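Here the structure is laid out as structure tokens; the discussion comes afterwards.
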Amino acid sequence: MSTAPILITAAALHEALTGPGADRVRVLDVRWRLDRPDGRPEYEAGHIPGAQFVDLNVELARHAGPEEGRHPLPSVDELQAAARRWGISDGDTVVVYDDLSNLSSARAWWLLRHSGVADVRLLDGALRTWTEAGLPLESGAAALPAPGTVSLSYTSLPVLALEDVAAFADDSLLLDARAAERYRGEVEPVDPRAGHVPGAVSAPTTENLGPDGRFLAAPALRERFRLLGAADGVGVGVYCGSGVTAAHQAVALALAGLEPRVFVGSWSQWANHPELPAATGPNPS
């Protein structure tokens, strides 16, 4: 995991955008949610000045068969082309945000870090902290930047492939970042089967946040994950429904000083392989 800072405050972002070196700061608006996947109307109603809109479904994922899950990674060439459209060059600072406590924008943070962008930060508390600070918004579409020149490669962060997940859950700590009722198999609004990967532990990623939508402090996150089973020498993996909020959990784990492995296909991939078992019920005792 890169040693670059993970979070940035609204005040620090505003200073970066208005001070020396502002031309090396790129801001991405990644508004997406399961019930309203097109965030462009909200973006055009008001966004951080200069922020480029990122379509999570199109630019941070690719279309594939259900056996790969709902949000498989885009090809690195597709992501590189998108990043260059957003104006990113090697050495730039990239700040990502949404209006949902970074539950969707974390996908951009993780994907860009994974592809080799060294300095990617989340606006802690998301857009809410910017507006609560009285900082300006821009409406409509931001002007397109000059094309960037960044070169990307999927080599920087550890991942779990479908064929690795079962053995990993047996030997290590595999966290399920979805809501607890989905983990238990009581409801499944999207995917073809309910339940969870056998051996996985329920750890809803929303519990990594305070009431203000900001991440808990690092000591609190370390204690949370310790109680869930994280320990020295124990690997930690994470999945969610389709690989979006798993990235948010990966942020929390990184803030706690851990190096998570993300199962990108997540439950949407596992559930589409009927030969794989599904467990139900609460966390193992």
Side-chain angles (χ1 to χ4, degrees), residues 4-19 21-33 36-62 71 73-131 133 135-152 154 244 247-248 251:
I6 295 173
L7 304 177
I8 189 170
T9 66
L13 176 57
H14 183 257
E15 182 178 353
L17 290 172
T18 55
D23 59 332
R24 300 306 304 272
V25 180
R26 300 286 174 254
V27 182
L28 306 180
D29 185 308
V30 195
R31 286 190 239 192
W32 176 92
R33 61 184 70 202
R36 196 166 66 249
D38 183 6
R40 189 178 292 275
E42 288 80 8
Y43 163 83
E44 292 184 348
H47 56 264
I48 293 174
Q52 298 297 305
F53 177 71
V54 175
D55 188 326
L56 186 148
N57 279 339
V58 174
E59 296 172 302
L60 303 182
R62 62 181 167 82
H71 289 115
L73 298 188
S75 73
V76 72
D77 289 341
E78 291 170 329
L79 182 63
Q80 180 174 281
R84 290 179 176 182
R85 285 197 304 274
W86 304 327
I88 300 174
S89 295
D90 291 320
D92 284 350
T93 293
V94 182
V95 179
V96 300
Y97 73 92
D98 58 31
D99 58 357
L100 195 64
S101 299
N102 290 313
L103 289 168
S104 54
S105 61
R107 169 77 172 207
W109 176 89
W110 183 86
L111 193 52
L112 289 172
R113 282 279 179 97
H114 180 45
S115 62
V117 181
D119 190 2
V120 190
R121 310 186 196 189
L122 283 167
L123 175 59
D124 195 17
L127 186 61
R128 169 181 169 183
T129 59
W130 181 273
T131 56
L135 296 169
L137 294 176
E138 175 182 66
S139 60
L144 291 175
T149 58
V150 70
S151 296
L152 302 182
Y154 286 152
V244 176
H248 190 270
V251 172

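Model, not experiment: these values are computed from the prediction. All values below were derived from every heavy atom in this structure, side-chain atoms included, with hydrogens, water molecules and symmetry-related copies excluded.
Once rounded to the nearest 0.5 Å, the distance linking OG of S105 with NE2 of H248 reads 7.5 Å. To the nearest 0.5 angstrom, R31 atom CZ is 13.5 Å from D55 atom CG. Of the inter-residue distances, the one linking N57 atom CG with D38 atom CG reads 9.0 Å to the nearest 0.5 angstrom. Here the straight-line distance linking atom CG of D124 with atom OG of S101 works out to 9.5 Å at 0.5 Å rounding. Taken to the nearest 0.5 Å, the CD atom of E42 stands 11.0 Å off from the CG atom of L100. Between L152 atom CG and I88 atom CD1 the span is 8.0 Å, to the nearest 0.5 Å.
Taking 4.5 Å as the limit, some side-chain heavy atom of R33 sits within range of a side-chain heavy atom of D99. For the pair R84/S151, a side-chain contact is recorded, criterion being any heavy-atom separation below 4.5 Å from C-beta on.
Residues I48 and L137 share a closest heavy-atom pair of N-CD2, 4.0 Å. Nearest heavy atoms, Q52 versus A142: NE2-CB, 3.8 Å. Minimum heavy-atom separation, P74 to Y154: O-OH, 2.8 Å. Shown here for R107 and H71, the closest heavy-atom pair between the two residues is NH2-O, 2.8 Å. Taking each heavy atom of L17 and A22 in turn, the nearest pair found is O-CB, 3.4 Å. Of all heavy-atom pairs between L103 and D98, the closest is N-OD2, 3.3 Å.
A donor and an acceptor atom, one from each side chain of D29 and Y97, are located under 3.5 Å apart.
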For this session: Start with the C-alpha gap between I6 and W109, add the side-chain angles, then the distance that decides, and say whether side chain to side chain contact (heavy atoms under 4.5 Å, CB included) holds.
Result: CA-CA 9 Å; I6 295 173; W109 176 89; 4.0 Å; yes
For this session: Kindly indicate, with the supporting measurements, whether the criterion side chain to side chain contact (heavy atoms under 4.5 Å, CB included) is fulfilled by V251 and N102.
Result: CA-CA 10 Å; V251 172; N102 290 313; over 6 Å; no
For this session: Could you check L112 against L28 for side chain to side chain contact (heavy atoms under 4.5 Å, CB included), going step by step and ending with a plain yes or no?
Result: CA-CA 11 Å; L112 289 172; L28 306 180; 4.0 Å; yes
For this session: Go through T9 and T129 one step at a time and tell me if the side chain to side chain contact (heavy atoms under 4.5 Å, CB included) criterion holds.
Result: CA-CA 8 Å; T9 66; T129 59; over 6 Å; no
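For D92, the salt bridge (charged side-chain N to carboxylate O under 4.0 Å, His left out) criterion is met by R24, R26, not counting sequence neighbours. Qualifying salt bridge (charged side-chain N to carboxylate O under 4.0 Å, His left out) partners for R85, counting only residues two or more places apart in sequence or in other chains: E59.
Distance alone, capped at 3.5 Å, is enough to place a donor-acceptor pair between the R62 side chain and the L73 backbone. A donor-acceptor contact shorter than 3.5 Å is absent between the side chain of T93 and the backbone of D119.
Relative orientation of the F53 and Y43 rings is tilted, given thresholds of 30° and 60° on the angle between their planes.
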